[in-house]
Visitor: 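Following this message is one structure expressed as structure tokens.
Computed from heavy atoms alone, side chains included, the values below leave out hydrogens, waters and symmetry copies.
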Amino acid sequence: MKFRPLHDRVLVKRVNAEEKTAGGIILPDSVQEKPMEGKIIAAGSGAKAEDGKVTPLDVKKGDKVLFGKWSGTEIKVDGEDLLIMKESDILGIIEK
């Protein structure tokens, strides 16, 4: 299935969480916090103003981003857990 977010929404795949602490303790899934970092899988065309002009998004497909702990809505696309959120929920882009 193909999925294209509308307007100022983006589709994000969470990065894998660390399974070990710095001290080497392995954490089970039940106690791990969900990572607040992800990769943009798809992005909408941009926010539409009242006059009809479209403002393009600052993020694009492939960007690694940081977002709030409770941001977005969890969805499943082709059996994969993803998040859909507004661009305003993204705190920043992680650059190399």
Side-chain angles (χ1 to χ4, degrees):
M1 164 185 10
K2 288 189 176 190
F3 183 86
R4 183 175 51 98
L6 297 177
H7 309 295
D8 63 340
R9 289 182 173 77
V10 293
L11 191 62
V12 178
K13 179 179 180 181
R14 288 186 197 266
V15 296
N16 292 332
E18 289 291 324
E19 295 179 7
K20 278 188 189 179
T21 65
I25 298 171
I26 296 175
L27 299 171
D29 287 341
S30 59
V31 297
Q32 288 182 12
E33 279 193 32
K34 291 185 179 180
M36 297 183 302
E37 186 178 317
K39 183 177 178 183
I40 304 286
I41 302 298
S45 58
K48 232 180 221 186
E50 288 183 24
D51 62 1
K53 289 185 182 178
V54 176
T55 305
L57 301 179
D58 290 328
V59 296
K60 63 187 178 309
K61 183 178 177 179
D63 283 348
K64 282 185 83 174
V65 295
L66 193 64
F67 49 86
K69 193 174 205 169
W70 309 109
S71 297
T73 301
E74 293 183 355
I75 62 170
K76 249 188 209 284
V77 176
D78 291 335
E80 192 171 24
D81 291 326
L82 302 172
L83 287 169
I84 188 160
M85 65 181 71
K86 288 190 168 231
E87 185 188 36
S88 60
D89 291 336
I90 295 173
L91 304 174
I93 298 171
I94 300 170
E95 297 179 343
K96 295 177 184 175

Visitor: Do any pairs count as a side chain to side chain donor-acceptor pair (under 3.5 Å) and have a residue in residues 39-56, sequence neighbours left out, and if so which ones?
Guide: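 Checked against side chain to side chain donor-acceptor pair (under 3.5 Å) - neighbours excluded - no pair reaches residues 39-56.
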Visitor: Using side chain to side chain contact (heavy atoms under 4.5 Å, CB included), reason through Leu82 and Glu74 one step at a time and then give a plain yes or no.
Guide: CA-CA 6 Å; Leu82 302 172; Glu74 293 183 355; over 6 Å; no
Visitor: Could you measure the distance from the CD1 atom of Ile75 to the CD atom of Glu80? Nearest 0.5 Å is fine.
Guide: 10.0 Å
Visitor: Just verifying a value: how many Å separate Ile40 CD1 and Leu83 CG, rounded to the nearest 0.5 Å?
Guide: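 CG of Leu83 is found 10.0 Å from CD1 of Ile40.
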Visitor: Pairs in or reaching into residues 57-66: which pass side chain to side chain donor-acceptor pair (under 3.5 Å), with residues at least two apart or in two chains?
Guide: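 Listed once each, the pairs are Glu37-Lys64, Lys60-Asp63.
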Visitor: Do Val59 and Glu87 pass the side chain to side chain contact (heavy atoms under 4.5 Å, CB included) test, and can you show the C-alpha distance, the side-chain angles, and the key distance before you say yes or no?
Guide: CA-CA 8 Å; Val59 296; Glu87 185 188 36; 4.0 Å; yes
Visitor: Give, for atom CD1 of Ile93 and atom CG of Leu66, the distance between the pair rounded to the nearest 0.5 Å.
Guide: 11.0 Å
Visitor: Side-chain contact test, heavy atoms from C-beta onward, threshold under 4.5 Å: evaluate it for Val10 versus Asp89 and give yes or no.
Guide: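 A side-chain contact under 4.5 Å is absent here.
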Visitor: Verify the cluster assignment for Ile41 and Phe3: are they in a single hydrophobic cluster under the rule of side-chain heavy atoms below 4.5 Å apart?
Guide: yes
